Amino acid sequence: MLLNEDQLKTHPADSDHIAIVNGQAVEQLPSDLYIPPQALKVFLQSFEGPLDLLLYLIRYRDLSILEIPIFEISNQYVQYIELMSELELELAGEYLLMAATLAEIKSRMLLPKVVTDEGVEEDPRADLVRRLQEYEQIKNAAETLETLPQIGRDFLAVHAYSNRVIVMPPIETSIALLCKAYQEVLLRVEQYNPHQFFSEPLSVRERMTLILDKLQQSSGKVSFSELIDQEEGRAGVVVTFLATLDLIKSLAINVYQVKPFECIYLSMKQN
Amino acid sequence: MALEEKYVIEAALLSSDEPLKVQDLMSLFEGISSAQVKILIDQLNAEYKNRCIEIVEVSSGYRISTKKEVNEILIPLWELKPQKLSRAMYETIALIAYRQPITRGEIEEIRGVSVSANIIKNLFEKEWIKVVGHKDTLGKPALLATTAKFLDSFNLKKISDLPPLEEIEEMFTSYDSETESESIETKDHSAHQVH
Amino acid sequence: MALEEKYVIEAALLSSDEPLKVQDLMSLFEGISSAQVKILIDQLNAEYKNRCIEIVEVSSGYRISTKKEVNEILIPLWELKPQKLSRAMYETIALIAYRQPITRGEIEEIRGVSVSANIIKNLFEKEWIKVVGHKDTLGKPALLATTAKFLDSFNLKKISDLPPLEEIEEMFTSYDSETESESIETKDHSAHQVH
């Protein structure tokens, strides 16, 4: 069932088979790919990554991961990713990295083994074999997990209505959890969309709400000076001014001034 | 196992969040009349005689509800369980608190997932948020802000009492190591209750 | 009307949004033992034999749910159709479940591909995973673990109730580069498949 190097030489894996994909002859079709061309694209897209593809190549031929015939498998692997790029499938960098890894293992297998003080060099395939085993283990576990009864798909938790008006269930609040939630949201944002987010002084945000509150209560125009609390001094004016600018930017309010240096009025945008 | 029709109706009523109309229940079986559905409901109600639940017809349809007598017994259970806020809820109210005024769309953009209508509804019901205006963009989305009640619930006097970001970081470098396995949904020691 | 204890338990389970623990149910009656509560639950489950609902013990307690057989009939009534999770999602949650606590980088290493931000967000949104700490390496990546809600969603009581992982076969670590084909033959007895 396993091919040695002699057999490999007399068993060219490519150029024997040709398939028609989207009207084009594909010469690099791997020798063991018996798939109708129209389904090919879908099939190739279904791999979860290079390890998944390698596992398929091994398992399809009923080979053992422990004794992966690296020459044959890496040839097939390269054919597959060539086919994938030919079909203009998005080829993640991980696929190319794996091709390089396979090539490296191949070359190390051809070299005489190195004997050091610590003993014989490890099988060049060992690391790849471990990764494949580890991945297959999780892949199978994921498949088993999928067969377990799952809420929403296989069953629902049921409820009866209860008239609970008399009871106001207490709400457990925690400022620590609130802050943690905020921090986690920001961390996620930083991780995924760098530089899109910056922190603003809270007082400006709070002032924006206060201004909108005042405008709503007054149901008309409010002068800028009415928004300023004398006790807050210069800093208060700055905060109010920044909040006003922000509200103009977010298009929530109108601001107008008849003449320079005259009173500035703010009003809600009419809907 | 052959499923008895009346028990299918029971499961349907119990698994639905809203009351179900006779037509909804009819759609579960082929060639059943509304009269037959009503007979099945009566049969179920007769079975519930000694039990603590009953099928009640309300304006929007039928629903199974606990009987009044048992509610009094259950009250301690409901009181016993302080309502815990979900992670999604914490994140939403945190964003509204720190970034107010903010639209629902902006919250979704930052969180990267859609904010369910239930969460917003729930926050309004708790009177933790209010609409302070409308953004003058497409669809005129509501600008959300926190209320005085929100501040009360979290023992804060004003929004600027919320710890600034840098402080949060410091808080959690110690917080994490102390409460390794604690998370949003588990109880933490600093939690207090509001009614 | 004297209310039967088992039906009070039924009403309690049906009225609660979350699974209830034995202690919660014990608090409903005076001088009842946890063993007695469990007997009452068994009695109820026996009564449910011909019905489409059942009491299941999950990680956060007992809850009543619909039986699998009735699900297909009820699906047309659901507002939210059950969504099929992707393979990538199952592989990611399986890794978090079996290898917890684990960082996103470690997940990527084992799967051999990057984990999309959407998958992680989605798992947080489902409240299936939580951050339990931060690994003390470069960038202090979050350590992810599964929640009680994850176990509840799969009708499991604890992580060890998950089907066990298949064993990984040991590989001979020495080899002979010049006679690869020979060494393959001599090692062939160990080369049976893992399933």
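Only a predicted model underlies this, so the values are computations on that prediction, with no experimental measurement involved.
- B/L77 places none of its side-chain heavy atoms less than 4.5 Å from the side chain of C/S16.
- Shown here is C/E72, whose CD atom has no more than 12 heavy atoms of other residues, nucleotides or ligands within 6.0 Å.
- Interatomic distance, C/R51 CZ to B/L44 CG, rounded to the nearest 0.5 Å: 8.0 Å.
- Interatomic distance, B/E5 CD to C/C52 SG, rounded to the nearest 0.5 Å: 11.0 Å.
- Atom-to-atom distance recorded for B/E47:CD and C/E47:CD is 9.5 Å, nearest 0.5 angstrom.
- For the ring-ring contact (aromatic ring centres under 6.0 Å, His included) test, residues two or more places apart in sequence or in another chain that qualify with C/F150 are C/W128, C/F154.
- With a 4.5 Å cut-off on side-chain heavy atoms, C/K130 and B/R87 do not count as touching.
- From B/N71, atom CG reaches atom OG of C/S15 across 7.5 Å, with rounding to the nearest 0.5 Å.
- A 6.0 Å sphere centred on NZ of B/K121 holds no more than 12 heavy atoms belonging to other residues, nucleotides or ligands.
- Of the listed residues B/T66, B/D24, B/L74, the one with more heavy-atom pairs under 4.5 angstrom with chain C than any other is B/L74.
- With rounding to the nearest 0.5 Å, the separation of CD in C/E4 from CG in B/N50 is 6.5 Å.
- Atoms CG and CD1, from B/L28 and C/I75 in turn, are 12.0 Å apart once rounded to the nearest 0.5 Å.
- Only the side chain of B/L20 comes within contact range of chain C, with heavy atoms under 4.5 Å apart.
- With a 4.5 angstrom heavy-atom cutoff, B/I73 touches chain C via backbone and side-chain atoms both.
- Remark: B/E106 engages B/K135 in a salt bridge (Lys or Arg N to Asp or Glu O under 4.0 Å) (not counting sequence neighbours).
- Residues C/E69 and B/L3 come closest through the heavy atom pair O-CD1, 3.9 Å.
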